[in-house]
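Just the heavy atoms: all of them, side chains too, but no hydrogens, waters or symmetry mates, feed the values below. Positions are given from 1 along the sequence. Keep in mind that this is a model prediction, so the values were computed, not measured.
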Amino acid sequence: MAESNVGDKTLVKIAVAFDSLATVAADSNNGAAVEVAPFSHACSLVSPLFGCLGIAFKFAEMDYVAKVKDLAEASKSIQTLPSMIDLDVQANCVRNAGSHTRNLLKVKRGLDMVRVLFEQMLVTEGNSLRDPASKAYEQVFAPYHGWAIRKAVSAGMYAIPTKEQLMKKLNEDEASAKVQMQNYATASAVLIQYIDKLFISRELGIDW
């Protein structure tokens with residue numbers, strides 16, 4: 001992906017979009033529901049990040065982008081995330097490949113991976129991204145991947161960009177990036193918890 005496409009303060013856009021989603025999610029006990037359209041839009045802003053991480057996350061980028069596209073399509077006829085899940089429950093297709101609910105679960109994992117990556121970047125000294133990226137992968141994706149994918153990711157970690165290279169691709173300086181990464185980590189944690197609750201309250205589980 002060309003650097004010019006990725007720049008333009010990607011992290012600021014991501015942090016702002018997820019902050020407004022987190023505000024709605026935090027108010028869910030009072031009947032507020034996260035809408036599919038702003039959710040899929042916010043998720044699409046995260047897509048370039050996977051592209052910036054190189055070959056190790058190529059599989060995640062392709063999978064994530066396709067699933068986000070499906071949710072954006074769903075937003076044309078379905079208003080909220082809870083109603084989207086309920087429609088799949090009624091149609092008895094929650095776990096079917098390609099169902100909106102299954103895609104939501106996969107997208108949520110992508111968001112979680114980025115959250116852990118940012119948290120690790122904030123506490124890891126030095127210019128290398130290998131350790132933060134490996135920890136994020138191990139924590140979020142590895143439990144659901146077979147040996148071959150795990151092996152390929154591990155090999156790809158050697159080609160991962162440095163923090164400096166990533167900042168350059170994202171058109172960010174380190175001080176501002178740290179603020180935005182922390183903002184995203186905080187907001188996405190609230191949103192991820194909200195999505196988990198939607199699954200658990202319907203007894204769908206989240207480990208599949």
Side-chain angles (χ1 to χ4, degrees), residues 1 5-53 57 60-91 93-94 98-119 136 140 170-172 176-177 179-202 204 206:
M1 186 174 286
N5 296 356
V6 182
D8 196 27
K9 298 292 181 194
T10 301
L11 291 182
V12 177
K13 288 182 189 169
I14 291 171
V16 168
F18 278 88
D19 193 49
S20 68
L21 291 174
T23 304
V24 178
D27 200 30
S28 61
N29 290 340
N30 298 322
V34 172
E35 295 191 354
V36 186
F39 175 77
S40 60
H41 173 68
C43 294
S44 72
L45 297 174
V46 176
S47 302
L49 268 174
F50 287 103
C52 291
L53 293 171
F57 288 93
E61 182 192 12
M62 289 162 66
D63 194 49
Y64 179 86
V65 169
K67 307 282 189 280
V68 170
K69 214 172 180 177
D70 171 73
L71 296 181
E73 202 54 43
S75 73
K76 293 174 184 175
S77 57
I78 304 168
Q79 194 172 5
T80 68
L81 293 183
S83 57
M84 185 176 81
I85 295 173
D86 290 339
L87 284 168
D88 279 352
V89 169
Q90 286 158 22
C93 68
V94 167
S99 83
H100 299 320
T101 303
R102 190 187 185 96
N103 288 346
L104 173 62
L105 186 62
K106 297 282 187 75
V107 166
K108 182 212 68 163
R109 265 181 217 142
L111 300 178
D112 205 19
M113 202 285 302
V114 173
R115 178 188 66 80
V116 178
L117 173 69
F118 283 178
E119 287 177 349
V140 180
L170 294 172
N171 193 26
E172 283 287 353
S176 130
V179 173
Q180 304 309 334
M181 286 193 284
Q182 185 56 64
N183 288 347
Y184 170 81
T186 305
S188 62
V190 174
L191 187 63
I192 287 161
Q193 198 178 11
Y194 166 80
I195 294 170
D196 283 348
K197 217 157 106 183
L198 293 179
F199 277 77
I200 291 161
S201 65
R202 288 159 177 77
L204 301 175
I206 50 174

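- Under the 4.5 Å side-chain criterion, counting only non-hydrogen atoms from C-beta, Lys197 is not in contact with Ile206.
- For the atom pair Thr101 OG1 and Ile85 CD1, the distance stands at 5.0 Å (nearest 0.5 Å).
- Closest approach of Ser40 and Ala72 over heavy atoms only: OG-CA, 3.5 Å.
- At least one donor-acceptor pair under 3.5 Å links the side chain of Thr23 to the backbone N or O of Asp19.
- The residues Lys67 and Asp63 are annotated as salt-bridged, a charged nitrogen and a carboxylate oxygen being separated by less than 4.0 angstrom.
- Looking only at side-chain heavy atoms (C-beta outward), Leu105 and Leu204 stay at 4.5 Å or farther from each other.
- Side-chain atoms of Lys108 do not come within 3.5 Å of backbone N or O of Ile195 as any donor-acceptor pair.
- Remark: the Ser83 side chain and the Gln79 side chain contain no N/O donor-acceptor pair separated by less than 3.5 Å.
- To the nearest 0.5 Å, atoms CD (Glu35) and CE (Met84) are separated by 12.5 Å.
- Between the OG atom of Ser44 and the CZ atom of Phe39 there is a distance of 10.5 Å, given to the nearest 0.5 Å.
- Side-chain contact check for Val114 versus Ile14: every heavy-atom pair is 4.5 Å or farther apart.
- Between Asp88 and Arg102 no salt bridge is recorded (no basic side-chain N to carboxylate O distance below 4.0 Å).
- Across every non-hydrogen atom of Ala17 and Ser20, the tightest pair is O-OG, 3.0 Å.
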* To do: Please report the C-alpha distance between Leu111 and Tyr184 in whole Å, then the side-chain angles of each, then the deciding distance to 0.1 Å, and finally whether the side-chain contact (heavy atoms from CB on, under 4.5 Å) criterion is met.
  => CA-CA 10 Å; Leu111 300 178; Tyr184 170 81; 3.5 Å; yes

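- A heavy-atom distance below 4.5 Å is found between the side chains of Leu81 and Val36.
- With hydrogens and angles disregarded, no donor-acceptor distance shorter than 3.5 Å links the side chain of Ser28 to the backbone of Ala33.
- The CD atom of Glu172 lies 4.5 Å from the CG atom of Leu11; values are rounded to the nearest 0.5 Å.
- Taking CG of Leu49 as the start and CG of Leu170 as the end, the distance is 5.5 Å to the nearest 0.5 Å.
- Minimum interatomic distance between Leu71 and His100 (heavy atoms only, all atoms of both residues): CD2-O, 3.7 Å.
- The backbone N or O of Cys43 lies less than 3.5 Å from a partner atom in the side chain of Tyr64, making a donor-acceptor pair.
- Once rounded to the nearest 0.5 Å, the distance linking OG of Ser99 with CG of Leu87 reads 11.5 Å.
- Within the 4.5 Å cutoff, no side-chain heavy atoms of Val68 are placed close to those of Asn103.
- At a threshold of 4.5 Å between non-hydrogen side-chain atoms, the residues Val46 and Phe18 count as touching.
- Ala25 and Val190 get closest at one heavy-atom pair: CB-CG1, 4.2 Å.
- Salt-bridge annotation for Glu119 and Arg115: present, with a side-chain N of the basic residue lying under 4.0 Å from a carboxylate O of the acidic one.
- Two residues are said to be in side-chain contact when any heavy atoms from C-beta on lie closer than 4.5 Å; Asp86 and Arg202 meet this criterion.
- Looking at heavy atoms from C-beta onward, Tyr194 lies out of side-chain contact with Asp27 at the 4.5 angstrom threshold.
- Classification of the Phe57-Phe50 ring pair by plane angle, with boundaries at 30° and 60°, yields tilted.
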